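See below for the structure under consideration.
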Amino acid sequence: MPELPEVETVARQLDQTLPGRRVGGLLVVDAKLAQLEALAPRLAGTVLGPVRRSGKRVVLSLWEAGGSPRGWLAVHLRMTGRLLDMDREAPDPAHLRLRLWLEPGRLDFTDTRRFGTVEWLTDPATLRPPGLDPLEAACTAAALAGLAAGSRAPLKAWLLDQSRITGLGNIYACEILHACGLSPHRPAGRLRLEDWALLRREMRRILRLAIRHCGTTFRDFQDSRGVEGSFAGFLQVYGQTGGACRRCGGTVIRETQSQRGSWWCPGCQS
DNA sequence: ACGCAGACCTGTACGC
DNA sequence: TGCGTACAGGTCTGCG
């Protein structure tokens with residue numbers, strides 16, 4: 001489900017409401033997360049600190065009452081995961097997988113498809129994702145061109161590879177390529193520097209715009225308050241099979257590429 | 001280095 | 001209404 005803008009939305013919201021709240025306990029509901037049971041003693045009594053996005057993960061920091069970090073909980077929401085900031089007395093949400101009891105309130109992790117993961121990290125070096133974050137200053141046209149040098153991978157698949165750029169998913173990869181007029185089939189290694197400059201610019205513009213609208217809810221996404229994102233109305237090609245391209249009037253098509261749907265307009269993307 | 005199939009899961013939309 | 005099929009925002013493993 002969530003890509004960079006959705007994860008950023010959740011992280012920013014939780015960063016407004018979680019820091020300073022004490023962790024009272026841990027409830028593991030899903031047997032797939034049973035390995036977290038052992039964490040309960042280490043979490044109890046900690047205080048939540050800043051919440052950040054790392055790639056597509058939401059990272060909660062847990063601090064000793066004294067003032068040094070005890071560790072980080074890195075949550076990957078995958079397709080249908082949600083982190084919901086709930087009142088203590090609220091009824092259980094559907095598909096509850098994990099709960100952090102807080103003072104006050106509680107943080108519920110729900111996940112319909114159960115693909116989501118939760119990791120306990122104690123080494124700060126493991127907090128950073130392997131790839132370049134599209135919104136960081138280090139993500140320059142030259143850096144992108146350097147990463148892609150020699151690659152024959154189709155641009156769409158290249159953008160989805162999290163080891164190079166971290167944060168893009170299917171929706172935003174399709175939207176960015178359309179905004180740039182680049183075909184998803186173009187070999188990544190054959191782009192010119194000016195293509196990367198355009199791609200970098202559009203990538204940042206679209207991601208920032210989506211963050212401003214709290215992400216895209218095409219199906220499942222909800223933020224930490226259970227509210228849907230409003231960027232869906234801005235989508236130009238994703239999910240628009242047979243629709244008219246808003247730029248050239250051509251017809252948006254869907255095809256399967258690297259096992260994923262690719263939506264694009266052959267009229268203006270080449 | 002790359003594509004591809006299959007796996008992990010559950011829910012929904014659609015055609016018959 | 002009911003049943004089968006395809007598809008879903010992610011990522012991993014194994015194979016060719």
Side-chain angles (χ1 to χ4, degrees), chain A residues 1-11 29-35 53-58 74-83 93-98 109-119 129-131 134 146-178 184-190 203 206-207 209-211 213-223 227-242 253-264:
Chain A
M1 161 188 36
E3 308 178 33
L4 186 153
E6 292 75 34
V7 180
E8 182 74 28
T9 295
V10 172
V29 179
D30 186 349
K32 287 182 80 175
L33 301 175
Q35 80 284 356
R53 175 183 66 81
S54 168
K56 289 181 187 170
R57 298 179 304 175
V58 177
V75 181
H76 199 307
L77 303 171
R78 297 289 179 104
M79 302 286 267
T80 53
R82 295 175 186 170
L83 283 171
H95 310 294
L96 178 66
R97 304 300 174 200
L98 186 74
F109 173 54
T110 72
D111 188 6
T112 310
R113 291 176 71 177
R114 302 172 67 205
F115 290 166
T117 58
V118 180
E119 283 178 289
L147 285 173
S151 171
R152 279 165 296 142
L155 194 47
K156 165 81 181 314
W158 193 90
L159 291 174
L160 291 181
D161 183 339
Q162 304 294 301
S163 68
R164 296 181 278 219
I165 306 178
T166 315
L168 298 183
N170 211 23
I171 291 181
Y172 296 103
C174 290
E175 293 298 311
I176 291 164
L177 289 173
H178 178 260
H185 298 291
R186 283 271 284 267
R190 290 237 277 277
M203 179 161 73
I206 289 171
L207 293 174
L209 187 63
I211 290 169
H213 292 272
C214 297
T216 305
T217 301
F218 197 77
R219 253 185 201 86
D220 297 307
F221 176 68
Q222 290 183 359
D223 67 17
V227 176
E228 302 190 336
S230 59
F231 191 70
F234 292 82
L235 297 176
Q236 304 289 305
V237 286
Y238 183 87
Q240 316 289 311
T241 313
I253 62 167
R254 179 199 185 277
E255 50 182 34
T256 299
Q257 190 183 12
S258 309
Q259 314 280 93
R260 318 285 302 275
S262 273
W263 284 266
W264 64 295

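So that the names make sense, note that chain A is the first sequence line, chain B the second, and so on, each numbered from 1. Just so it is clear, the structure is predicted and the values come from calculations on it, not from any experiment.
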statement: A:I165 CD1 to C:dG10 C1', in whole Å, measures 16 Å
Using distance only, find each side-chain donor-acceptor pair of residues 150-160 of chain A under 3.5 Å and give its atom names and separation, not counting sequence neighbours.
from: A:S151; atom 1: OG; to: A:A153; atom 2: N; distance (Å): 3.1
from: A:K156; atom 1: NZ; to: A:N170; atom 2: OD1; distance (Å): 2.8
from: A:K156; atom 1: NZ; to: A:G261; atom 2: O; distance (Å): 3.3
from: A:K156; atom 1: NZ; to: A:S262; atom 2: OG; distance (Å): 2.7

task: Rounded to whole angstrom, note down the P distance from C:dA6 over to B:dA5.
output: 14 Å
message: Output the rounded distance in Å from CG (A:L159) to C1' (C:dG10).
response: 16 Å
statement: A:F115 CZ to B:dA7 C1', in whole Å, measures 8 Å
- line: Whole-Å distance, A:E6 CD to C:dA8 P, equals 16 Å
- request: Using the P atom on both, measure C:dT5 against B:dG6 and round to a whole Å.
  value: 15 Å
field: Whole-Å gap separating C1' (B:dC9) and CZ (A:R82)
entry: 15 Å
query: Is A:H95 near enough to B:dG11 that one of its side-chain N or O atoms lies under 4.0 angstrom from OP1 or OP2?
result: yes
N/O to N/O distances under 3.5 Å, protein versus nucleotides 1-6 of chain B:
from: B:dC2; atom 1: OP1; to: A:S151; atom 2: OG; distance (Å): 2.5
from: B:dC2; atom 1: OP1; to: A:R152; atom 2: N; distance (Å): 3.2
from: B:dC2; atom 1: OP1; to: A:A153; atom 2: N; distance (Å): 3.2
from: B:dA5; atom 1: OP2; to: A:Q259; atom 2: OE1; distance (Å): 2.7
from: B:dA5; atom 1: N7; to: A:Q259; atom 2: NE2; distance (Å): 3.2

task: Would you check if A:R57 and A:V7 make a side-chain contact, meaning some heavy-atom pair closer than 4.5 Å?
output: no
- prompt: Can you name the nearest heavy-atom pair linking A:V10 to A:V58, along with the distance?
  reply: CG1-CG2, 4.2 Å
message: Just to be sure I understand: a Watson-Crick pair is purine N1 to pyrimidine N3 plus N6-O4 or O6-N4, both under 3.5 Å. Using that and G-U wobbles, which stems of three or more pairs involve DNA chain C?
response: B:2-8 with C:10-16, B:10-16 with C:2-8
statement: Taken in chain and number order and not counting sequence neighbours, the residues that satisfy ring pair (Phe, Tyr, Trp, His ring centres under 6.0 Å) with A:Y238 are A:F218, A:W263
- prompt: Can you name the nearest heavy-atom pair linking A:T9 to A:I211, along with the distance?
  reply: OG1-O, 4.2 Å
message: Is there a side-chain contact between A:L207 and A:L168 in this structure, where contact means two heavy atoms from C-beta onward sitting under 4.5 Å apart?
response: yes
message: For the P atoms, the ones on C:dC7 and on B:dC4, what distance do you get once it is rounded to whole angstrom?
response: 15 Å
- request: For A:L77 and B:dT10, give me the distance from atom CG to atom P, rounded to whole Å.
  value: 18 Å
task: Taking side chain to side chain donor-acceptor pair (under 3.5 Å) as the test, write out the residues that go with A:R190, two or more places apart.
output: none
query: Would you say a side-chain N or O of A:K32 is under 4.0 Å from OP1 or OP2 of B:dC8?
result: no
task: Grab the OH-C1' distance between A:Y172 and C:dG10 for me, whole Å please.
output: 15 Å
- request: May I ask you to verify whether the side chain of A:R113 and the base of B:dC9 hold a donor-acceptor pair under 3.5 Å?
  value: yes
query: Atom CZ of A:R97 to atom P of B:dC8: distance rounded to whole Å?
result: 16 Å
field: Sequence-distant partners of A:H213, ring pair (Phe, Tyr, Trp, His ring centres under 6.0 Å), two or more places apart
entry: A:F234
query: Under the 5.5 Å and 30° test, is A:F218 stacked on the base of C:dA8?
result: no
- line: A:G116 and A:F109 have their tightest heavy-atom pair at CA-CZ, 4.2 Å
- request: Scan A:Y238 against the nucleic acid and name what it touches under 4.0 Å (heavy atoms): base, sugar-phosphate only, or nothing.
  value: sugar-phosphate
- prompt: Which nucleotide in the list C:dG10, C:dA8, B:dT10 gets nearest to the side chain of A:W263?
  reply: C:dA8
query: What nucleotide among B:dG11, C:dA8, C:dT11 has an atom nearest to a side-chain atom of A:R78?
result: C:dT11
message: Does a side-chain N or O of A:R57 approach OP1 or OP2 of C:dT11 to a distance below 4.0 Å, or not?
response: no
field: Which atom of A:K56 lies closest to which atom of A:T166, heavy atoms considered
entry: N-CG2, 4.3 Å
